[in-house]
**Student:** 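Could you have a look at this structure, given as C-alpha cells, before my questions?
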Amino acid sequence: MRASFRLGRIAGVPVGVNWSVLVIFVLIAWLLSANQFPRSYPDRPGWAYLLAGLAAAVVFFVGLLAHEVSHAVVAKRNGLQVEGITLWLFGGVAELRGEPADPGAELRISGVGPLVSLLLGVFFGAIAVLLALAGQEGLLLGSVSWLAGINVLLAVFNILPAAPLDGGRLLRAAVWKATGDRARASVVAARAGWVLGVLLIGLGIWQFLAGYGVGGLWLALIGWFLIGAAGMEERQARLGSALTGVRVGEVMTPQPQTASAEMTVADFVDHYLFAYRHTALPLTEDGRPVGLVTLDRVRGVPADRRAATTLAEVACRADDLVLARPEEQLNDLLPRLGECSDGRALVVTGDQLVGIVSPSDISRAVQRSTLHPHPTR
C-alpha cells in the first residue's frame, strides 16, 4: 500500500498516509458526532459533538500509528530493515524488508502491536474510571471511554489467528517452531486468514439483511480484504519456498540494453522498440541507473507528442526505482518487486547497473526450481 503523502519520520522510519485513510477517519468522526455522542449525551451543542468526534478520531489514529511504530522498532531490533509505515483504509502496515530469522523474532515483532493497543486501551480505561469517580459525565468521559473500548477491540481483533493479522503471524511463529518449516507455517496462517474472511463476509451479510445497517457491509468488506490478502500470502509463501537460496545475480538478465534519459519517445519507438525484445529499458547516466521506461509508459504518449517528449518525462523516476544487489536473496527482493508499478528491479554493484530482474526472470527461476531444487544457503 503506497503512501499518498509523507508525515515525516518516527524512530528513523518514514511514516505516510494513503488517501483512503480519509474514508475511515470521516466515518468514525461522523458515527461518533452524529450518532453515538448525541444519543449518549443529549442536549449538547452541535459543535461540541463535532469537536469530540474529530478529537476521538485523531487520537484513535495516533494509537494506530503507535501500534505500527512498535512493530517497526522491534523489527529493527531483530535485524530487519523497515521501508516505512503507511496508514490506510484498513488500518496500518509496517513495510518490512526480509523475513524474521527465527520463530522467536516473528513472535516478538508480531506480538508487540496488539500489546501496545491493549496497553492503550487500559490507559484510556483508567482515565475513564478516574473521570467517572471525579463526577465527570460529559463528552470527555464518552470520548475517553470509546478510545478505551476501540483499542481493546483492535488488540483482540488483531490477535485472531489468521494472516495477514498479527495473530496470523503469531500462528505462523507457532507452526514454524513446531515443524521447523517456515513455508508450511505461512501456508497454514494464510489458509486460516481465508477461513476468517469467509466467516466475516457471512456474518456481515447476515447483519445487513437483519437490519443492523452498514456495519454489516463494513464487516463483509473486511472479510473480502482478508481473503484477498490471505490468498496473496499463500502464493508468496509457495513462491518463496521454491526460490529459497536463489540469489538475484543468478536470475537477472545481465548487462541490459540501456538508453539516455534525453532520448525522445519518437527515437525510442523508431530505433529501440522493435530492435530489442525487452519491454523495459533502463535509463543510465555514466553507468548509473536514473530511470526505467516501459512499453506501457511509452504507449501513453500521444503520437503527435512523441518527438517533443523525452524518456525522462515518462520514465519511472530514480527515487522510485527498485534497486537490488547481485548477492541479495531473491526472496528478499520479491516483496519490493511486488510494490513496484513497473514490476522490475535494477541490479547494481556500487552505483553501476549490472542487470535487470523482470517477472519473466522470476517465472523462469520458479520453473527451474521445480526441475532442480536449489540448495538452501
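Just so it is clear, the model here is predicted, and its values are computed rather than measured. Residue numbers start at 1 and run along the sequence shown. All heavy atoms count here, side chains included; hydrogens, waters and symmetry mates do not.
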**Student:** Any chance CZ of Arg184 has more than 12 other-residue heavy atoms, nucleotides or ligands included, within less than 6.0 Å?
**Tutor:** no

**Student:** Okay, side chain of Asn78, backbone of Val74: is any donor-acceptor separation there less than 3.5 Å?
**Tutor:** yes

**Student:** Looking at CG of Leu140 and OG of Ser145, how far apart are the two atoms once the value is rounded to the nearest 0.5 Å?
**Tutor:** 9.0 Å

**Student:** I need the minimum non-hydrogen distance between Pro359 and Gly343, along with the two atoms involved.
**Tutor:** CD-O, 3.1 Å

**Student:** Between Glu233 and Arg169, does at least one N-O distance fall below 4.0 Å, as a salt bridge requires?
**Tutor:** yes

**Student:** Quick check: does any side chain N or O of Arg344 sit under 3.5 Å from a backbone N or O of Val357, one acting as donor and the other as acceptor?
**Tutor:** no

**Student:** Within the side chain of Asn158, is there an N or O that forms a donor-acceptor pair under 3.5 Å with the backbone of Ala155?
**Tutor:** no

**Student:** Do Val144 and Leu153 sit in the same hydrophobic cluster, where Ile, Leu, Val, Met, Phe, Trp and Tyr count as joined when their side-chain heavy atoms come under 4.5 Å apart?
**Tutor:** yes

**Student:** Hey, quick one: are Ile150 and Leu200 part of the same hydrophobic cluster, counting side-chain heavy atoms closer than 4.5 Å, chains of contacts allowed?
**Tutor:** yes

**Student:** Spell out, as yes or no, whether a donor-acceptor pair under 3.5 Å connects the side chain of Tyr49 to the backbone of Tyr41.
**Tutor:** yes

**Student:** If you compare all heavy atoms of Leu54 against all heavy atoms of Ala29, which two are closest, and at what distance to 0.1 Å?
**Tutor:** CD2-CB, 3.9 Å

**Student:** Going from CD1 on Ile109 to NE2 on His71, what distance comes out if it is rounded to the nearest 0.5 angstrom?
**Tutor:** 9.5 Å

**Student:** Parallel, tilted or perpendicular, judged at 30° and 60°: which one describes the rings of Trp88 and Phe225?
**Tutor:** perpendicular

**Student:** Would you find a donor on one side and an acceptor on the other, under 3.5 Å apart, between the side chain of Lys76 and the backbone of Ala11?
**Tutor:** yes

**Student:** Between Gln352 and Thr349, is there a donor-acceptor pair closer than 3.5 Å when you use the side chain of the first and the backbone of the second?
**Tutor:** no

**Student:** Heavy atoms, side chains only, cut-off 4.5 Å: are Leu154 and Leu64 in contact?
**Tutor:** yes

**Student:** If you measure from CD1 on Ile356 to CD on Gln257, what distance do you get to the nearest 0.5 Å?
**Tutor:** 11.5 Å

**Student:** Do Ile85 and Ile10 come within less than 4.5 Å of each other through their side chains, counting heavy atoms only?
**Tutor:** no

**Student:** Would you please name every residue forming a side-chain hydrogen bond (donor to acceptor under 3.5 Å, both in side chains) with Thr264, sequence neighbours left out?
**Tutor:** Asp267

**Student:** Return yes when atom CZ of Arg288 has more than 12 non-hydrogen atoms of other residues, nucleotides or ligands closer than 6.0 Å, and no otherwise.
**Tutor:** yes

**Student:** Take a 6.0 Å sphere around CE of Met263 and say whether it holds more than 12 heavy atoms from other residues, nucleotides or ligands.
**Tutor:** yes

**Student:** Does Ser110 use its side chain to pair, donor to acceptor, with the backbone of Glu106 at less than 3.5 Å?
**Tutor:** yes

**Student:** Looking at every non-hydrogen atom in both residues, tell me the closest pair between Pro282 and Pro256 and how far apart they are.
**Tutor:** CG-CG, 4.1 Å

**Student:** Treating Asp181 as the side-chain partner and Ala183 as the backbone partner, does any N or O pair qualify as donor plus acceptor under 3.5 Å?
**Tutor:** yes

**Student:** As a quick check of understanding, evaluate side chain to side chain contact (heavy atoms under 4.5 Å, CB included) for Leu226 and Leu165, giving each step before the final call.
**Tutor:** CA-CA 9 Å; Leu226 287 178; Leu165 301 176; 4.2 Å; yes

**Student:** Supply the atom-to-atom distance Gln367 CD to Ser360 OG, rounded to the nearest 0.5 angstrom.
**Tutor:** 10.0 Å

**Student:** Can we say Glu234 and Arg191 salt-bridge, meaning some charged N sits less than 4.0 Å from an Asp/Glu carboxylate O?
**Tutor:** yes

**Student:** Among Val293, Thr258, Leu321, which residue meets the side-chain contact (heavy atoms from CB on, under 4.5 Å) test with Leu283?
**Tutor:** Val293

**Student:** What pair of heavy atoms forms the shortest contact from Ala66 to Leu120, and how long is it?
**Tutor:** CB-CD1, 4.5 Å

**Student:** Would a 4.5 Å heavy-atom cut-off, applied to side chains only, mark Thr86 and Glu95 as touching?
**Tutor:** yes

**Student:** Would Arg297 and Cys316 satisfy side chain to side chain contact (heavy atoms under 4.5 Å, CB included), going step by step from the backbone distance to the final call?
**Tutor:** CA-CA 9 Å; Arg297 289 177 177 268; Cys316 174; 3.7 Å; yes

**Student:** How long is the gap from CD1 on Ile201 to CH2 on Trp224, to the nearest 0.5 Å?
**Tutor:** 9.5 Å

**Student:** Applying side chain to side chain donor-acceptor pair (under 3.5 Å), run through Asn18 and Ser20 and close with a yes or a no.
**Tutor:** CA-CA 5 Å; Asn18 182 269; Ser20 62; 2.7 Å; yes

**Student:** Transitively linked via ILVMFWY side-chain contacts under 4.5 Å: Leu141 with Leu133?
**Tutor:** no

**Student:** Run the side chain to side chain contact (heavy atoms under 4.5 Å, CB included) test on Trp146 and Phe60 for me, step by step, so that the C-alpha distance in whole Å, both residues' side-chain angles and the decisive distance to 0.1 Å come before the verdict.
**Tutor:** CA-CA 9 Å; Trp146 180 83; Phe60 168 71; 4.0 Å; yes

**Student:** When you compare the side chain of Val188 with that of Arg172, does any pair of heavy atoms fall below 4.5 Å?
**Tutor:** no

**Student:** According to a 4.5 Å side-chain heavy-atom criterion applied to Ile, Leu, Val, Met, Phe, Trp and Tyr, with indirect links allowed, do Val58 and Leu31 form part of one hydrophobic cluster?
**Tutor:** yes

**Student:** Is a side-chain N or O of Gln136 found less than 3.5 angstrom from the main chain of Gly138, in a donor-acceptor match?
**Tutor:** yes

**Student:** Cluster question for you: counting only ILVMFWY and a side-chain heavy-atom cut-off of under 4.5 Å, with indirect links fine, are Val175 and Leu160 together?
**Tutor:** no

**Student:** Would you say Val21 and Ile24 make side-chain contact, with heavy atoms under 4.5 Å?
**Tutor:** yes

**Student:** Give a yes or no on whether the backbone of His67 and the side-chain of Ser70 come within a donor-acceptor separation of less than 3.5 Å.
**Tutor:** yes

**Student:** Step by step, work out the side chain to side chain contact (heavy atoms under 4.5 Å, CB included) result for Val314 and Phe268.
**Tutor:** CA-CA 12 Å; Val314 299; Phe268 171 76; over 6 Å; no

**Student:** Answer whether the closest heavy-atom distance between the side chains of Leu80 and Pro100 falls below 4.5 Å.
**Tutor:** yes

**Student:** Check Leu171 against Ala192 and note the closest heavy-atom contact, atom names and distance.
**Tutor:** CD2-CB, 4.0 Å

**Student:** Do the side chains of Ile127 and Leu147 get nearer than 4.5 Å, heavy atoms only?
**Tutor:** no

**Student:** Does a side-chain heavy-atom distance below 4.5 Å link Leu196 with Pro161?
**Tutor:** no

**Student:** For Arg44, I'd like to know if atom CZ has over 12 heavy atoms of other residues, nucleotides or ligands within 6.0 Å.
**Tutor:** yes

**Student:** What pair of heavy atoms forms the shortest contact from Gly111 to Leu170, and how long is it?
**Tutor:** N-CD2, 3.9 Å

**Student:** How long is the span from the CG atom in Leu333 to the CZ atom in Arg247, to the nearest 0.5 Å?
**Tutor:** 13.5 Å

